[in-house]
Amino acid sequence: MTKYVYDFAEGSKELKDLLGGKGGNLAEMVNLGLPVPPGFTVTTDACRAFLRCGSAPYGLADEIALHLERLERQAGRRLGDPADPLLVSVRSGAKFSMPGMMETVLNVGLTDASVAGLAAQAGGDERFAWDSYRRLIEMFGRTVRGVPGAAFDADLDAETPQAVVARYKDVYRRHTGEDFPQDPHEQLDLAIQAVFRSWNAERAVLYRRQERIPADLGTAVNVVAMVFGNLGPDSGTGVAFTRDPATGERGVYGDYLANAQGEDVVAGIRNTMPLQELEQLDKRSYDELMAIMTRLEEHYRDLCDNEFTIERGKLWMLQTRVGKRTAAAAFVIATQLVDEGMIDLDEALGRVTGAQLAQLMFPAFDLSGRPEHIATGVAASPGAAVGAVVFDAARAAEVAARGTPVILVRRETNPDDLPGMIAAQGILTSRGGKTSHAAVVARGMGKTCVCGADELDIQPGRFTAGGRVVSEGDLISIDGTTGRVYLGQVPVQPSPVVRYFEGTRDPHSDALVSAVDRLLAHADKTRRLAVRANADTPADAARARRFGAQGIGLCRTEHMFLGERRTLVERLILARTPGQRDAALAELLPLQRGDFVGLFQAMAGLPVTIRLIDPPLHEFLPPLEDLAVRVARAEERGEGPGEHLTRDRELLDAVHRMHEENPMLGLRGVRLGLVVPGLFAMQVRAVAEAARLVDGARPEIMVPLVGAVEELEAVRDEAQRILRELGVEARIGTMIEVPRAALTAGDIARAADFFSFGTNDLTQMGWGFSRDDVEGAFFTRYLELGIFGVSPFESIDRDGVGRLVRIAVDEGRAARPDLHIGVCGEHGGDPDSIHFFHEAGLDYVSCSPYRVPVARLEAARSAVTAAGSDTR
């Protein structure tokens, strides 16, 4: 039969799946001989059974009764004894810390019959006893029976404690239709069930979603004999950290509140004193606490967060856990523990995360001035940006060139907006999600971006949000870490970590930068996965190299066809004869060659993977509607067939000819190269000619959107002919971004030197999602329903898209054992996805330059995790 209840002495921290973090740690402290009040833990198994059936599982009540008897013997008191009552706290405790998200009920067991007995225990202190009763009625009413907390509001100093209790009982009766229960065992049973139910409370569900905590874990419940910090000046309660959780500095950190219970500290209804002052109030308890904290930190080999109560000079430990900390403190503490001999560098890598490093790399707003918040969107690219609102990309570039920081505000962005995006401090859109054009490009450039802020009503020259009208030129501040938009200029705090990566800050300048430097140096020695960057310009490539990239895994050549070159592309599209087409390509060739020379120089000695042009050509033409209106108006005005009208008519004809209902599934990628003669050949020739001009150039040519080996073979044959002609060696491979390519990878590998997974498109086509539309349309609802734990565009879908990746890796390598395989989609910089790519056997990941350090760290953490699994 399933065992549902454990005494503290029966457990340990290794049983946190069953006992929760709090229960496991209470058991651990008991095993260490520390002063912990007696108690027991009801397991997560019991919670899951209760939530499945809506009632307590068979046998649970008998187990609770048995363990309660043991608790009573240890405490020397009985629950409900009128003369000498035992009171207990009933606290939640899941495997992962969820502070404040679930319920707690204190003073359970107190009744009309036992309140006098509690006063006698307290040396005749009736105020203490009646105040404890008042606290129980309020907490029980709110937690167990859903009585609104505001209903209990009272001026506690204006009435006697007995009068307050009488009024609270009336409130309870009015809202529930029942008297407050006078059976202490009924109170205990109902409180345990309420804690179980709180696992699915709205705030708990939201927190789990945010922290990616699985929804099926359930919570344990800890029943602990009450100890009281509100028995006078020789009593109190507090929280103590073994190191500063904000900075990682060693020392005494925490708060203490004399003559108070724990919820008084949490509620903030009284001002606490620094923990150091306890030494003056009660040196014996202070010294004992310091010794216990040292012992706990040595035992857990980490920062510990401890809750304690002093009851008339007696110290009781109520909780310990590995403490939450800021990203900065995580890095500092990890290296401190290495220096102190508690952990090695491999374990130190397990104490920090790529997400924490990403936080340290982006500037943050100082919100102490309480800026006015006017809208919230999708936190698409982290950072803090302040600037004048500009609604047009060309205008953004113009204003920024004059030295004015700008925020580019658009309904959505497109490739034409790139100059303005480059010029802007940040990008704000009212549409799109984390993989929209604005988001992907912004992350690649390290720009702050907030997408999908649908509260914005964007009109010519202004937008409205939060009841405010914001006009062009007005200052706003956008937070790409939280998705929040603020009116006016919010002060920005720069990141010392980015200055270190840029080479403008000494790695030993402070504890944080030194810690990051040490851990990344060890990460580079430890990881198996190489880390490349997605970079399209020499500046991006140089930055990526400074950030530790080992080459370029994706150069998107379509970004090189914008701006002044757009007219050349239009000429290519409008070409009616081979001669006209060849002339346009001939003009593009030297421009492309110059692009690649810059990239090869920035990455000399390292591989540079150049993807041949991918988007459909119609993206380089004016929108159909705009062009049709322009032509119609010109004809209505009776304009003759001048140069502009003739050109517009030709453009309109081309747009009609190339119009597609779903261009993402149309004429793009390899299809474009096969349909437009000479286009891919021009690019391959530019690559080869550039490689001949740069010592140490290592070009790789990647063919996009291949779905059949015959497509790749056709492009490869022409590319190899050009490479042989110019005497240049280059590997030729393909992006695996079409599901059919993953399923026929064995065939495609025969014609490919390498694979690179384009997981953005592979996710889009695998799920049948339009990545520019679905996040704003229904992803929020899918997350609420638990269909997604996280967006599949943000973290790889291991079961579906991930299976396609594994099939392609296995079948590709079976056909060609030396096949080099990487990933260049957005998932290449996602910490969770990097672990999957390590497991799947890829050779490298490629990501935006600003994510390179994150990928370096997570690639090493993947290797350490895998090595630990292999030794178990």
Side-chain angles (χ1 to χ4, degrees), residues 244-249 325-335 351-369 371 379-387 405 407 421-422 424-428 439 441-450 476-486 489-521 523-524 531 533 535 539-540 542-549 829-831 847-858:
D244 187 342
T247 66
E249 292 182 19
R325 65 209 72 184
T326 65
F331 278 83
V332 171
I333 291 171
T335 52
R351 302 290 182 87
V352 296
T353 68
Q356 289 170 329
L357 180 56
Q359 289 178 33
L360 296 175
M361 291 180 62
F362 291 95
F365 284 130
D366 179 357
L367 301 177
S368 58
S381 183
V386 180
I407 302 294
M421 297 173 75
I422 292 171
Q425 299 296 307
I427 299 101
L428 171 63
V441 174
R443 282 195 294 273
M445 296 188 297
K447 297 281 185 181
T448 299
C449 181
V450 174
I476 63 170
S477 303
I478 63 172
D479 191 332
T481 304
T482 65
R484 291 193 155 214
V485 181
Y486 299 96
Q489 180 172 356
V490 179
V492 173
Q493 302 169 338
S495 163
V497 173
V498 166
R499 296 204 301 272
Y500 150 67
F501 287 128
E502 293 281 12
T504 60
R505 190 178 180 98
D506 186 274
H508 306 295
S509 57
D510 58 40
L512 171 59
V513 172
S514 176
V516 170
D517 178 67
R518 285 180 65 187
L519 290 178
L520 279 179
D524 289 339
V531 177
D540 280 347
R543 178 181 296 110
R545 191 161 192 166
R546 290 195 299 271
F547 280 28
D830 171 62
C847 55
S848 67
Y850 281 89
R851 282 189 167 190
V852 165
V854 173
R856 290 163 58 196
L857 181 69
E858 286 296 344

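Judged by distance alone, with hydrogens and angles left aside, the side-chain atoms of Lys447 form no donor-acceptor pair with the main-chain N or O of Ser381 at under 3.5 Å. Under a 3.5 Å cut-off, the side chain of Ser495 and the backbone N or O of Pro363 do not form any donor-acceptor pair.
Here Thr326 contributes atom OG1 and Leu512 contributes atom CG; the two are 8.5 Å apart, rounded to the nearest 0.5 Å. Interatomic distance, CZ of Arg499 versus CD of Glu502, reported as 11.0 Å (0.5 Å rounding). One finds the OG atom of Ser509 at 9.5 Å from the CG atom of Asp517 (value rounded to the nearest 0.5 Å). Once rounded to the nearest 0.5 Å, the distance linking OH of Tyr500 with CG of Asp510 reads 11.5 Å. One distance of note links CD of Gln425 with OG of Ser477; it measures 11.0 Å at 0.5 Å rounding. Taking CG of Leu519 as the start and CG of Leu357 as the end, the distance is 9.5 Å to the nearest 0.5 Å.
The two residues Met421 and Ala442 have their closest heavy-atom pair at CE-N, 4.5 Å. Smallest separation of non-hydrogen atoms from Val450 and Gly483: CG1-O, 3.5 Å. The two residues Arg851 and Asp830 make their nearest non-hydrogen contact at NH1-N, 3.8 Å. Closest heavy-atom contact between Asp540 and Arg543: OD1-NH1, 3.2 Å. Taking both residues in full, the closest heavy atoms of Pro831 and Ala355 are given as CG-N, 4.0 Å, listed atom of the first, atom of the second, then distance. Pairing each heavy atom of Asp244 with each of Ala329, the nearest pair is O-CB, 4.1 Å.
Relative ring orientation between Phe501 and Phe547 is described as tilted, the plane-to-plane angle lying within the 30° to 60° band.
In this structure, Leu520 and Leu857 have side chains that are in contact, with non-hydrogen atoms separated by less than 4.5 Å. Inter-residue side-chain proximity for Tyr486 and Ile476 is flagged as unmet; no heavy-atom pair is nearer than 4.5 Å. Looking at Thr353 and Glu858, their side chains come closer than 4.5 Å, going by heavy atoms from C-beta outward. Residues Pro405 and Val386 fail the side-chain proximity criterion, which asks for heavy atoms closer than 4.5 Å.
Not a single salt bridge (Lys or Arg N to Asp or Glu O under 4.0 Å) links Arg484 to another residue, sequence neighbours left out.
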